[in-house]
Amino acid sequence: MAVGAVALSALTVVGCSSEEKPAPELRPLALRDQTSSIVKSGDTYVVNWAGVLGNDNQWHFGEQIVATVVGKDSKGKQVVRMDQPLDAVPPSGSLPFSGQVVAAQKPEKVTIEFRPAQWRKAERVPSSFRPFPVTDSKVIRQQNGTFLVTGRISNPYNLAASSLVVTALVRDPAGKLLGGGTTFVDNVGAGGRPRFILSVEGLPAKAAVGNTEIVARTWGSTGKPYEELALGGVKPVHTVKPTTAPFSRDRGRQALPVAP
């Protein structure tokens, strides 16, 4: 009986140790900021919106995301509805987005909702997903009230990016989101710096602009384009061979005393 009890105890220990740990619970995407505006254009109304989605999961892409934009009149009747597919949100990253639709009737209230994202574990560590630098940016107010945003986008990877999405979010001096605009830049070669131009519409006529955030990302409902670039590696920062002669003695080292 003692031998049987010992054997049963061993089987219990083995059974417990072989159990797999439960997968960590993934947090849903969070709508960190949003805004919308309605502008009359002839007999119709132009509805503009912008927002920021956040992904708090460190190792997973949020994919196949669809935003549903609904506008209702003063009586609660739906007068406009649009499903907007969005790009994948990288691990521990965010996704700025914007959109526009024309409505026959004026909506009094606009809301943005999202379908639950599909999660996929990234094939690279989060630090491999480098941002796409934006330089030489300018924001110019036009006479019609729109804002023209220009600049250059860089590709830090060894591989060419087939298509990048550039989104600009305009905020007031207090940091409140006023609106946004989006454009696409195709065939961004490794080390290239193509120019982009986009417009932000629907802002208040006398809006005071403080900061404009400009973010570039890969285009697509999955994180595969981003992963392919990361797998190809990052271009080295220093690519020019030094022209000066090397030091006769390495001045970066200090000789340690020799123990007696």
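From a predicted model like this one, the values you see are computed outputs, not experimental measurements.
Salt bridge present: K224 and E123 bring a charged side-chain N and a carboxylate O closer than 4.0 Å. Under 4.0 Å is where a charged nitrogen must lie from a carboxylate oxygen, and between D33 and K176 no such pair does. Ionic pairing of E213 and R171 is present here: one or more N-O contacts between side-chain nitrogen and carboxylate oxygen are shorter than 4.0 angstrom.
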For a side-chain contact (heavy atoms from CB on, under 4.5 Å) check, start with the C-alpha distance between I197 and L148, then their side-chain angles and the critical distance, and finish with the verdict.
CA-CA 7 Å; I197 181 170; L148 195 67; 3.8 Å; yes
Worked verdict on R115 versus D83 for salt bridge (charged side-chain N to carboxylate O under 4.0 Å, His left out):
CA-CA 10 Å; R115 300 175 189 172; D83 289 334; 3.4 Å; yes
Evaluation steps, side-chain contact (heavy atoms from CB on, under 4.5 Å), between I140 and F147:
CA-CA 6 Å; I140 306 171; F147 285 79; over 6 Å; no
Given side-chain contact (heavy atoms from CB on, under 4.5 Å), test L164 with I153 step by step and report yes or no.
CA-CA 9 Å; L164 295 179; I153 181 69; 4.1 Å; yes
Step by step, would you call L53 with R32 a side-chain contact (heavy atoms from CB on, under 4.5 Å)?
CA-CA 6 Å; L53 271 180; R32 295 176 178 171; over 6 Å; no
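For the pair P91 and Q58, the tightest heavy-atom approach, listed with the atom from each and the gap, is CB-O, 3.0 Å. Contact record, L203 with G179: CD1-CA, 4.0 Å, taken as the closest heavy-atom pair. Taking all atoms of both residues into account, the shortest heavy-atom contact from L178 to A208 is CD1-O, 4.0 Å. Minimum interatomic distance between P90 and S94 (heavy atoms only, all atoms of both residues): CD-O, 4.3 Å. Of all non-hydrogen atoms in H60 and W119, the two that sit nearest each other are CB-CE3, 4.0 Å. Taking every heavy atom of both residues into account, T218 and P225 meet most closely at CB-CB, 4.1 Å.
A donor-acceptor contact under 3.5 angstrom links the side chains of R193 and T135, judged on distance only. When only modelled atom types and interatomic distance are considered, Q100 and W49 share no side-chain donor-acceptor pair under 3.5 Å. Checked by atom type, the side-chain pair T167/R217 shows a donor-acceptor distance below 3.5 Å.
Remark: S162 OG to D186 CG distance equals 7.5 Å, nearest 0.5 Å. Summarising the geometry, atom CD1 belonging to I65 is positioned 9.0 Å from atom OG belonging to S221; distances are rounded to the nearest 0.5 Å. Note: S128 OG to E227 CD = 10.0 Å, rounded to the nearest 0.5 Å. In this structure, CD on E63 lies 10.5 Å from CG on N55, to the nearest 0.5 angstrom. Atom NZ of K40 and atom CG of D43 lie 6.0 Å apart (nearest 0.5 Å). In this structure, CD in Q84 is found 6.5 Å from CZ in F97, a value given to the nearest 0.5 Å.
Contact check for P107 versus I38: side-chain heavy atoms found under the 4.5 Å cut-off. Side-chain contact between L169 and L177: present, with at least one pair of heavy atoms (C-beta onward) separated by less than 4.5 Å. Side-chain atoms of P116 and P28, non-hydrogen and from C-beta on, never get closer than 4.5 Å to each other. For the pair K72 and E108, the minimum side-chain heavy-atom distance is 4.5 Å or more. At a threshold of 4.5 Å between non-hydrogen side-chain atoms, the residues F132 and Y157 count as touching. With a 4.5 Å cut-off on side-chain heavy atoms, S163 and F184 count as touching. Annotation: side chain of I214 is in contact with side chain of V149 (closest heavy-atom distance under 4.5 Å). Side-chain contact between E228 and L231: absent, with no pair of heavy atoms (C-beta onward) separated by less than 4.5 Å.
A donor-acceptor pair under 3.5 Å is absent between the side-chain atoms of N57 and the main chain of W59, judged by distance alone. Side-chain N or O atoms of N155 include one that pairs as donor or acceptor with a backbone N or O of V188 at under 3.5 Å. Within the 3.5 Å criterion, the main-chain N or O of T111 finds no donor-acceptor partner in the side chain of K109.
I112 and V47 fall within the same hydrophobic cluster, defined by Ile, Leu, Val, Met, Phe, Trp and Tyr side-chain heavy atoms under 4.5 Å apart, directly or through other members. Tracing side-chain contacts under 4.5 Å through hydrophobic residues (I, L, V, M, F, W, Y), one reaches V170 starting from F196; they form part of the same cluster. In this structure, V69 is not a member of the same hydrophobic cluster as V200, with clusters built from ILVMFWY side-chain heavy atoms closer than 4.5 Å. If you chain together hydrophobic residues whose side chains sit under 4.5 Å apart, M82 and F114 fall into the same group. Put simply, V185 and L86 are part of two different groups of oily side chains (I, L, V, M, F, W, Y) that touch within less than 4.5 Å, one to the next.
Heavy-atom contacts from other residues, nucleotides or ligands closer than 6.0 Å to CZ of R27 number 12 or fewer. The 12-atom threshold is not exceeded at NZ of K75, counting heavy atoms of other residues, nucleotides or ligands nearer than 6.0 Å. Environment of CH2 in W219: sparse, with no more than 12 heavy atoms of neighbouring residues, nucleotides or ligands closer than 6.0 Å.
The side chain to side chain donor-acceptor pair (under 3.5 Å) test with S98 singles out one residue from T182, T35, T183, and that residue is T182.
Taking the six-membered ring wherever Trp is involved, the centroid distance between the rings of F61 and F129 falls below 6.0 Å.
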